[in-house]
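Start at 1 with the first residue, then count along the sequence.
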Amino acid sequence: MRPRVVVVGAGMGGLASAIALARDGFAVTLLEKEAAPGGKMRRVAVGDAFIDGGPTVLTMPWVFRGLFEASGVDFDRAVPTTPLSILARHRWTDGSGLDLFADPAASEAAIRDFAGAREAAAFRGFKADAKRLYDLLEGPFILSDRRSVPDMMGALGVGGLQELWRLGRVESLWTALGRRFKDERLRQLFGRYSTYTGSSPFLAPATLMLVAEVEMQGVLAVKGGMHALALALADLAAGEGAELRRGTTVESLLVRDGVCSGVRLADGEEIPADAVVFNGDANALATGLLGRAAADAVPSIRPGDRSLSALVFCMKARASGMGLVRHNVFFDADYASEFKDVFARRRLPRRGTVYVCAQDRLDDDDARESDRLLLLVNAPPFGDVDPLADDEVRSCRDRLFNLLSDCGLNLEPTAERITTPQDFDRLFPATGGALYGPASHGWTASISRAPARSKVRGLYCAGGSVHPGAGVPMATLSGLRAASAVKADLGSMLPSRRAAISGGMSMR
């Protein structure tokens with residue numbers, strides 16, 4: 001007689017919801033259309049190897065540790081990780097390079113050697129501002145269901161609002177960085193944090209400086225790759241009693257009299273439920289892909305408001321010319337043109353940044369015979385209406401390798417597989433290939449994301465397209481927010497646990 005919840009999609013938000021709800025006594029069925037859990041946290045077969053084809057960075061480990069430990073499972077045993085001492089290695093076409101470290105003092109010293117004492121002092125102030133921003137927004141925004149400007153203002157109070165204005169003002173991340181750093185390379189480096197939410201640093205709010213604090217709290221490498229985290233979460237859900245059905249496609253939601261009462265599968269099977277948690281892109285609901293009755297559940301995302309997509313190359317290759325660490329970033333000189341190309345001209349960047357994840361490395365930059373690599377170039381999120389032509393992809397690949405060579409890295413691929421925006425749109429319908437939901441352009445954009453509770457009773461939302469935002473920890477938190485909303489609404493349906501009660505007659 002337990003209330004039944006169907007969770008659609010075994011991405012990070014869906015897995016977190018399933019775990020939390022099953023642990024609290026709900027009968028949970030988790031439906032996933034792919035053969036493996038993880039959603040965007042997928043792995044790709046390349047030759048005889050498997051390579052992470054999605055997120056590569058694990059931050060905010062307390063989110064996952066809490067999820068496991070609430071179930072009595074040791075996170076460090078279930079998901080072995082290694083802290084990285086080098087957060088990322090950065091290279092430019094002028095031959096310059098800078099490593100950022102987990103130790104802020106080491107980063108400050110490196111910046112002093114790289115750009116001088118003035119920029120080292122600016123970094124020290126930037127680091128303090130990033131921490132203050134994170135501390136200000138963690139409770140009222142990241143860990144909260146508050147989504148409106150008045151709610152945020154009330155939570156922050158007069159003092160918090162004054163501090164927020166001082167730190168970020170109502171300006172772009174690029175402008176805020178220009179007030180702090182004079183070296184354009186450092187503006188590029190820290191401006192890249194906007195792309196963690198799929199956004200342009202020229203349009204995203206200055207509050208995204210807080211990403212620097214998130215990284216300085218620690219970046220972890222997961223043994224076996226990030227997909228291993230998704231597999232461990234699926235095991236945790238099963239251990240709590242959730243049923244995971246893989247290779248199962250949901251055709252539509254069952255909505256009767258304004259209430260979501262279950263799902264219909266592609267094979268015609270109907271699964272009744274007291275609540276449904278949808279862990280796909282919220283725009284799939286808004287565009288009616290799961291039935292017209294659910295189309296008004298969340299606001300739609302216009303194509304022009306989508307976040308970045310990507311051209312992703314997973315490859316086995318021999319690297320030479322410079323040492324690689326786990327995370328490496330290669331910059332061209334003209335940063336503005338990259339985002340004009342992607343968002344305004346709707347084309348692959350002619351002078352784009354290239355991110356390289358060397359999955360088999362930690363802080364090790366020794367030469368080796370072969371590396372498993374993910375190479376990522378930002379791409380326009382219009383794979384549904386304006387797919388990239390093959391010659392565009394080939395030209396971008398040539399430019400990518402030329403940029404790497406200009407920065408000192410030479411690659412000799414032996415096997416590779418390319419994922420385009422149109423591929424991502426097929427994997428994640430109604431996105432156009434956008435990987436982060438709506439872009440965080442404008443200071444109110446993050447507050448405008450869809451909430452855990454939709455406008456259809458009994459239908460809840462989780463994932464990177466809803467509050468609190470994109471990224472592995474945020475998507476996981478969204479799943480916990482959805483589970484909390486379900487429990488608040490259906491908690492009275494849970495059977496009472498046996499308990500000893502006082503009262504009655506006194507007996508021998």
Side-chain angles (χ1 to χ4, degrees), residues 3-11 13-15 17-18 21 26-34 37 39-40 242-303 305-306 381 383-385 422 424-434 437-438 448-467 475 478-479 481-483 485-486 489-490 493:
R4 184 170 189 174
V5 180
V6 170
V7 180
V8 181
L15 288 165
S17 285
L21 289 168
F26 290 83
V28 177
T29 301
L30 177 56
L31 306 175
E32 170 54 50
K33 66 183 178 68
E34 302 296 334
K40 295 184 180 74
E243 176 192 12
L244 173 56
R245 294 174 58 175
R246 310 180 192 203
T248 304
T249 300
V250 174
E251 180 182 82
S252 62
L253 302 178
L254 302 176
V255 180
R256 298 185 179 95
D257 300 323
V259 179
C260 187
S261 58
V263 301
R264 180 181 293 111
L265 306 183
D267 62 6
E269 179 187 356
E270 293 189 358
I271 304 177
D274 298 294
V276 173
V277 176
F278 180 68
N279 182 59
D281 194 277
N283 210 39
L285 294 175
T287 54
L289 287 188
L290 283 91
R292 295 309 310 171
D296 295 328
V298 295
S300 62
I301 301 171
R302 298 176 302 177
D305 293 332
R306 292 170 177 169
D384 52 346
V385 295
Q422 49 263 42
F424 284 121
D425 182 62
R426 284 192 291 270
L427 288 167
F428 311 109
T431 63
S448 303
R449 286 174 175 263
R453 283 186 181 88
S454 82
K455 294 180 181 178
V456 173
R457 192 152 57 93
L459 176 60
Y460 305 80
C461 297
S465 65
V466 304
H467 180 79
S478 80
R481 297 280 78 75
V486 172
D489 295 344
L490 298 182
M493 297 175 63

Point-to-point distance, once rounded to the nearest 0.5 Å, from [atom1] of [X] to [atom2] of [Y]:
X      : Y      : atom1 : atom2 : result
Thr287 : Arg292 : OG1   : CZ    : 8.0 Å
Thr248 : Lys33  : OG1   : NZ    : 12.0 Å
Arg302 : Asn283 : CZ    : CG    : 11.5 Å
Arg449 : Ile301 : CZ    : CD1   : 7.5 Å
Leu244 : Leu30  : CG    : CG    : 5.0 Å
Thr249 : Glu34  : OG1   : CD    : 8.0 Å

Taking the basic N atoms (NZ, or NE/NH1/NH2) and the acidic carboxylate oxygens, is any pair closer than 4.0 Å for Arg306 and Asp281? no
Under a 4.0 Å N-O cut-off, is there an ion pair linking Arg264 with Glu270?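 Salt bridge flag = yes for Glu270 with Arg264.
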Would you say the side chain of [Y] lies within less than 4.5 Å of the side chain of [X], judging by non-hydrogen atoms?
X      : Y      : result
Leu15  : Asn279 : no
Cys461 : Leu285 : yes
Tyr460 : Arg453 : yes
Leu490 : Phe26  : yes
Val250 : Leu265 : yes
Leu459 : Val255 : no

Give a yes or no on whether [X] atom [atom1] has more than 12 heavy-atom contacts from other residues, nucleotides or ligands under 6.0 Å away.
X      : atom1 : result
Asp296 : CG    : no
Asp267 : CG    : yes
Arg4   : CZ    : yes

Using every non-hydrogen atom in the two residues, find where [X] and [Y] come nearest and quote the distance to one decimal.
X      : Y      : value
Ser454 : Ala297 : CB-O, 3.5 Å
Pro429 : Leu289 : CB-CD1, 3.7 Å
Thr29  : Arg245 : CG2-CD, 4.0 Å
Gly463 : Ser478 : N-OG, 2.7 Å
Thr431 : Asp425 : N-OD1, 3.5 Å
Val276 : Cys260 : CG2-SG, 3.6 Å

task: Taking Ser252 for its side chain and Gly291 for its backbone only, find out whether a donor-acceptor pair lies under 3.5 Å.
output: no
Given the rule in the side-chain contact (heavy atoms from CB on, under 4.5 Å) test, do Leu253 and Val456 qualify, once you have shown the distances and angles that lead to the verdict? CA-CA 11 Å; Leu253 302 178; Val456 173; over 6 Å; no
